[in-house]
There are 2 protein chains.
Amino acid sequence: MIEVTTGSAAERVEASLRRSIIALDVLPGTRLSEQEIAARHGVSRQPVREAFIGLSRTRLVEVRPQRGTVVAKISVARLMQARFVREAIETAVARRACEAFDPTSRRRIDDLLDLQAERAAAGDHAGFQRADSLFHAALAEGAGCALAWEAVQDVKAHLDRACQLTLPDAAAMLPLVDQHRAIVAGLDARDPEAAAAAMRHHLSEIVRALPKVEAQYPHLFE
Amino acid sequence: MIEVTTGSAAERVEASLRRSIIALDVLPGTRLSEQEIAARHGVSRQPVREAFIGLSRTRLVEVRPQRGTVVAKISVARLMQARFVREAIETAVARRACEAFDPTSRRRIDDLLDLQAERAAAGDHAGFQRADSLFHAALAEGAGCALAWEAVQDVKAHLDRACQLTLPDAAAMLPLVDQHRAIVAGLDARDPEAAAAAMRHHLSEIVRALPKVEAQYPHLFE
DNA sequence: GGCGCCCGACTTGTATGGTAGTGTATGCAC
DNA sequence: GTGCATACACTACCATACAAGTCGGGCGCC
């Protein structure tokens with residue numbers, strides 16, 4: 001369980017649960033009990049209920065009235081569609097980033113690339129994914145499309161969960177940093193097609209890795 | 001107030017409020033009282049509260065803790081970003097629709113085009129927008145991207161609200177039907193670029209109309 | 001007369017009890 | 001032993017009560 005100290009109790013519980021689900025600390029198919037989670041977080045059932053509603057909106061959990069709430073299983077079909085949506089948005093962001101880009105965000109991206117390479121070398125999955133998210137967020141921010149990143153986050157949760165299975169070691173993480181650098185290279189060259197192509201290639205990584213992990217962990221899929 | 005009879009009380013209230021907000025029955029900046037809405041719907045505050053949380057997730061309302069909840073004003077910056085996201089997703093859907101398309105959805109689209117033309121001729125705004133939504137939904141559905149349509153809907157609410165101001169008469173609606181037909185023509189010709197270009201042109205309509213309505217109704221904007 | 005403090009009427013946030021519905025287990029009839 | 005009915009435990013959902021914070025008005029003081 002991860003402690004979050006800001007916001008309302010409902011927001012804290014939701015953030016905590018979201019992280020646990022994405023990190024696969026609670027596996028797909030697990031039954032979630034309002035009572036138990038409320039007790040564990042030291043709050044009443046009501047905030048937990050609101051957290052469930054929030055999570056069900058992005059389909060991370062499935063609330064079945066009068067029956068119970070379970071962590072959603074990983075759906076390959078949903079995963080592919082989520083990837084499609086993310087690719088559509090982020091390639092468009094990459095193109096727009098080539099038209100005009102905020103210099104402050106540009107400098108921040110260099111820092112984030114370094115941070116990510118360091119986390120990858122250290123084998124720190126969680127830190128790597130955090131830096132990855134910050135990179136994509138900074139890209140959207142710099143291109144003036146902050147809302148686009150919000151939209152991506154809604155579908156990204158499912159992809160991240162799958163990525164937990166596909167990033168077993170540092171060897172799998174380092175190439176992703178290079179892919180990020182390729183995107184930035186396209187951006188610096190003001191070459192929309194190159195940036196978009198690099199982004200598309202980057203976001204296709206999951207497609208290549210998916211069949212293997214699906215065969216390896218069939219009980220996590222539906 | 002619109003009556004919805006399916007789902008939980010919270011869902012009914014949320015759907016009712018969402019429609020009222022998008023239809024501009026309640027204007028941007030209006031204060032929403034949990035108590036009053038609860039009384040009007042004959043429910044307690046709790047379902048209303050959950051409805052507010054749902055609406056705040058797509059930024060249709062702004063919940064300020066211990067202070068009150070107001071209907072969000074129309075933000076031009078947010079509107080432009082929402083349009084950007086929608087264009088990114090739906091042009092990608094249009095391209096994919098040219099690769100393979102479900103025949104059942106294809107037939108349904110013809111019906112929806114006729115329906116929409118009829119509603120436009122009758123000057124029925126609400127019916128026109130309903131048919132418009134169903135058209136785009138059927139397009140995504142037929143292309144196998146139902147999730148993409150869900151993602152679009154999140155940003156679409158803001159665009160629809162602005163469209164309430166830009167569709168004053170039937171003359172403004174009829175060209176939109178033609179734009180739909182152009183998209184379908186590209187689809188039938190299996191020409192991804194034509195379909196995407198038609199979609200892009202269609203979704204750019206709002207950009208052309210925005211400056212005028214912003215000048216006309218400045219109090220609705222922030 | 002103007003400024004500042006305090007109190008009260010609001011707001012949203014949280015806790016708790018009760019209700020209706022579902023799935024399961026148990027016991028009975030066959 | 002098998003099939004069915006009934007009772008029970010558990011769930012989400014909703015209503016109500018309470019807590020905590022915010023804003024505004026009125027009063028006192030300077």
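Residue numbers start from 1 in every chain, and the chains themselves are labelled A, B, ... in the order their sequence lines are given, proteins ahead of strands. Bear in mind that the values here come from a model prediction, so they are computed numbers and not experimental data. Just so it is clear, the values below take in all heavy atoms, side chains as well, and ignore hydrogens, waters and symmetry mates.
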*Asks:* From the set D/dA20, D/dA12, D/dA15, return the single nucleotide nearest to any side-chain atom of B/Gln66.
*Replies:*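 From the listed options, D/dA20 comes nearest.
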*Asks:* Between B/Pro65 and A/Pro47, name the one whose nearest nucleotide on DNA chain C is closer to the 5' end.
*Replies:*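 Here B/Pro65 is the residue nearer the 5' end.
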*Asks:* Salt bridge or not for B/Glu222 and B/Arg59, using N-O below 4.0 Å?
*Replies:*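 No.
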*Asks:* Return the nearest nucleotide to the side chain of A/Arg67; candidates are C/dA15, C/dT11, C/dT22.
*Replies:* C/dT22
*Asks:* Side-chain N or O of A/Ser8 versus OP1/OP2 of C/dT12: is the shortest distance under 4.0 Å?
*Replies:* no
*Asks:* Touch check for B/Leu32, heavy atoms < 4.0 angstrom, all strands: base, sugar-phosphate only, or nothing?
*Replies:*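 Contact class for B/Leu32: sugar-phosphate only.
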*Asks:* For the residue pair A/His180 and A/His202, categorise the inter-ring angle as parallel (less than 30°), tilted (30 to 60°) or perpendicular (more than 60°).
*Replies:*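 If you compare the ring of A/His180 with that of A/His202, the planes turn out perpendicular.
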*Asks:* How many Å lie between CZ on A/Arg49 and P on C/dT14, as a whole number?
*Replies:* 15 Å
*Asks:* Any donor and acceptor pair, going by atom type alone, linking the side chain of A/Gln81 with main-chain N or O of B/Leu147 inside 3.5 Å?
*Replies:*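 Yes, A/Gln81 side chain to B/Leu147 backbone: donor-acceptor pair under 3.5 Å.
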*Asks:* So does A/Arg64 reach the base of C/dG21 with its side chain, donor to acceptor, closer than 3.5 Å?
*Replies:*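 Answer no: no donor N or O sits under 3.5 Å from an acceptor.
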*Asks:* Can you tell me if the side-chain N/O atoms of A/Thr69 get under 4.0 Å from OP1 or OP2 in D/dT11?
*Replies:* no
*Asks:* Salt bridge between B/Asp110 and B/Arg106, side-chain N to carboxylate O under 4.0 Å?
*Replies:*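 Judged by the 4.0 Å cut-off on N to carboxylate O distance, B/Asp110 and B/Arg106 do form a salt bridge.
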*Asks:* Could you please name the option among D/dC14, C/dT12, C/dA15 that lies closest to any side-chain atom of B/Glu34?
*Replies:*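 Nucleotide nearest to B/Glu34's side chain: C/dT12.
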*Asks:* Checking contacts here: which listed nucleotide (C/dG23, D/dA12, D/dT16) is nearest the side-chain heavy atoms of A/Val63?
*Replies:* D/dA12
